[in-house]
K.L.:
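Once you've had a glance at the structure underneath, I'll fire off some questions.
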There are 2 protein chains.
Amino acid sequence: MTLPPLVQAFVLHFGEMGSRWGINRSVGQVYALLYLSPEPLNADQIVAALGVSRSNVSMALRELQAWNLVLLRHLPGDRRDHFTTPDDVWVILRTLAEERKKREIDPTLTVLRELLMQSPGSEDERHAQARIRAMHAMIEQLTGWYDEVKRLPNERLAALLRLGAGVTRLLETADRVVAFAKPARPAATTESQWTKESP
Amino acid sequence: MTLPPLVQAFVLHFGEMGSRWGINRSVGQVYALLYLSPEPLNADQIVAALGVSRSNVSMALRELQAWNLVLLRHLPGDRRDHFTTPDDVWVILRTLAEERKKREIDPTLTVLRELLMQSPGSEDERHAQARIRAMHAMIEQLTGWYDEVKRLPNERLAALLRLGAGVTRLLETADRVVAFAKPARPAATTESQWTKESP
DNA sequence: GCGTTATTTCAGGAATTTCTGGAACTCCAT
DNA sequence: ATGGAGTTCCAGAAATTCCTGAAATAACGC
C-alpha cells in the first residue's frame, strides 16, 4: 500500500516531530495517518501503510489510547478494531492540553507542595524555599486559569482567542469601573512580593 | 559539596522530569540548581554539587543558553563564567513558551503551509488537505493569540490569569452593549461581533 | 469443544541519546 | 613566546528507548 504524497509527507513529518513532542516516531506516524484517513483503519492497514511491524503498531495504538487521542470503532460485520481520531481539532487540542498537564505539570506541582511543607534548616534552604514558592505560585495561577478556560464551550474559547490581547482593553474598562466603585483599593501585583530577593 | 535536602530533592525531581520536558537529566538538574542557588555558580561548582562530569555540565550549560534559560555573569576579579537564571518566574515562563513554540510548533506550521499549497491529486488527497487545513487554522489561531498575549506586561498577564474564564462574562457584557447600540443587526452571536473588530 | 482470526506481551537486538575522559583550543598574565 | 586557567570538542562507553519476531492470549464462528 502506497500513500498519496501529501499524506506521506504529513505522516513523515509527524514521525520526525514525535521526539520533540514526547512521543516516538511510530506513535506520531500512526496518529498522523489516522488523522488524515477518510475512514477508520485497522491495525493491519496501518502496518501496510507505514511499513512497520505489527507489534509496533499495537504498542503505538495503546499509547495513543492512553493519551485519549484515538477512538475505537467497530464496523458492522468486522471483528477487527478500527481506529480514528476525533475530527474536531478543538477536541484534540483539549485532550493534548489535559494530558500534557497531567504528565508534565501535575507531578511537579505535587513535589513543590511537599517541599514547601518542610521547614528550612538553613539560610540557603530558606532562600531555596522562597524560590520554590515563587515557582509554585506561578504554576498554580496558570493551572487555575487553565482549569477555568477549559470548561468553556468551543465557540467561547474561539472568541477568546480571536480577541487576543484585546481582552486587556476590556480589562481596563472593567478596572476603571472597579476603581470608580472602590477608589481606596491599593494596586498589588502578583510578583512584587517575590522579587525583593534580587541579586 | 553536599546540598541541603530541600535543594537536593528539587534538583533530583527536575532531573527526573527532564525527559518528559524534552531536556535531559543533566540539563534539568543544572537548571534546578541554578534556579535555587542564592548566587551565580561557575561550572566547577556545578560539577561539585551534582557529581557529574565537567563536560556534561559544559554541554548542559550550552543547551540552557540555547534555550535562553540562563544568564551569564562575570564576577569582578574572576575570569570564570558564572551562571544564574532570571529570577522573575514570569520571565522564565515567557522564555519557555517562546522556545517551545519555536521548537515544537513553528516547524509544523511551516510544513502544513507547504502541504496546503499543493494541489490535491486524488479524492483522498482532497480530504487529507481539508483535515490539514483544519489543523492549520487552529494552530494559526492559537499562535496568533499567543503572539498578542506575550506582549502584555506582567501585571496585565497576571490580571488576565486571575480573571480566568471570567473573561467571558466581560465578553457577554460587551456583547450586550454592542447589541444595544446596534439593535438592527439580526441575532448576532457573542463572538461574531468581535470577529471583525479584533485586528 | 476446535480451528481460525485478531490482538497483546515480551525478550532481546537495533538505534538513539546521554555521559565521560581526555585532547584541543582560547584567552590572558607574565 | 610560555604557562596556566578556563572552556569546548570529540570518540567511544554506558544507558535508555525503540522496534521486531515469536510466542501467548483472547475472541469468535462453527
Side-chain angles (χ1 to χ4, degrees), chain A residues 1 11-34 40-67 70-84 103-104, chain B residues 11-34 40-67 69-84 103-104:
Chain A
M1 184 189 192
V11 164
L12 290 181
H13 175 74
F14 267 56
E16 282 168 22
M17 293 299 287
S19 52
R20 300 198 194 182
W21 295 337
I23 58 178
N24 65 42
R25 186 176 37 197
S26 308
V27 174
Q29 290 188 351
V30 169
Y31 181 78
L33 181 67
L34 293 178
L41 299 179
N42 65 44
D44 282 326
Q45 292 174 305
I46 299 172
V47 167
L50 300 182
V52 298
S53 76
R54 181 55 232 272
S55 49
N56 197 359
V57 168
S58 177
M59 291 168 88
L61 288 170
R62 278 181 117 253
E63 175 102 3
L64 287 171
Q65 283 177 291
W67 277 79
V70 294
L71 301 173
L72 216 147
R73 285 285 164 75
H74 274 141
L75 304 189
D78 193 337
R79 272 167 58 195
R80 293 170 297 184
D81 289 343
H82 287 241
F83 300 87
T84 350
R103 288 167 172 74
E104 303 183 5
Chain B
V11 164
L12 290 181
H13 175 74
F14 267 56
E16 285 168 20
M17 293 299 286
S19 52
R20 301 198 194 183
W21 296 337
I23 58 178
N24 66 41
R25 185 176 38 195
S26 308
V27 174
Q29 290 188 351
V30 169
Y31 181 78
L33 181 67
L34 292 178
L41 299 178
N42 64 44
D44 283 328
Q45 291 173 305
I46 299 173
V47 167
L50 300 182
V52 296
S53 76
R54 181 55 231 271
S55 49
N56 198 0
V57 168
S58 177
M59 291 167 89
L61 288 171
R62 279 179 122 255
E63 174 103 4
L64 287 171
Q65 283 177 291
W67 278 79
L69 279 173
V70 295
L71 301 173
L72 215 147
R73 286 285 163 75
H74 274 141
L75 305 189
D78 193 335
R79 268 169 60 193
R80 291 171 298 184
D81 290 343
H82 287 242
F83 300 88
T84 350
R103 287 166 173 74
E104 303 183 5

K.L.:
Reckon B/Asn42 touches a base, only the sugar-phosphate, or nothing at all at heavy-atom distances under 4.0 Å?
P.N.:
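Nothing: the residue B/Asn42, judged by heavy atoms under 4.0 Å, touches no strand.
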K.L.:
Select one nucleotide: of D/dC19, D/dC10, C/dT7, the one nearest the side-chain heavy atoms of A/Arg54.
P.N.:
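Nearest to the side-chain atoms of A/Arg54, counting from C-beta on, is C/dT7.
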K.L.:
Which listed nucleotide (D/dT20, D/dC19, D/dT8) is nearest to the side chain of A/Ser55?
P.N.:
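Of the candidates, D/dT20 comes closest.
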K.L.:
Looking for any heavy atom pair under 4.0 Å, which part of the strands does A/Asp44 touch: base, sugar-phosphate only, or nothing?
P.N.:
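It contacts nothing in the nucleic acid.
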K.L.:
In whole angstroms, how far is the P atom of D/dC19 from the CZ atom of A/Arg62?
P.N.:
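Distance, rounded to whole Å: 16 Å.
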K.L.:
On the nucleotide C/dT18, are OP1 or OP2 found under 4.0 Å from the side-chain N or O atoms that B/Asn56 carries?
P.N.:
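No.
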K.L.:
Is a donor-acceptor contact shorter than 3.5 angstrom present between the side chain of B/Arg79 and the base of D/dA5?
P.N.:
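Yes, the side chain and the base share a sub-3.5 Å donor-acceptor pair.
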K.L.:
Of the nucleotides D/dC18, D/dT7, D/dT20, which one has an atom closest to the side chain of A/Asn24?
P.N.:
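Nearest listed nucleotide: D/dC18.
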K.L.:
Please check the phosphate of C/dC19 (OP1 and OP2 only) for any side-chain N or O of B/Ser53 closer than 4.0 Å.
P.N.:
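Negative; the distance criterion is not met.
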K.L.:
Would you classify B/Ser19 as touching base, sugar-phosphate or nothing, given that sugar-phosphate means primed atoms plus P, OP1 and OP2, and contacts are heavy atoms under 4.0 Å?
P.N.:
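It contacts nothing in the nucleic acid.
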K.L.:
Classify the side chain of A/Arg80 and the base of C/dA6 as holding, or not holding, a donor-acceptor pair under 3.5 Å.
P.N.:
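Such a pair does not exist between side chain and base.
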K.L.:
Please report, rounded to the nearest Å, how far the P atom of C/dT17 is from the CD atom of B/Glu63.
P.N.:
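Between P of C/dT17 and CD of B/Glu63: 12 Å.
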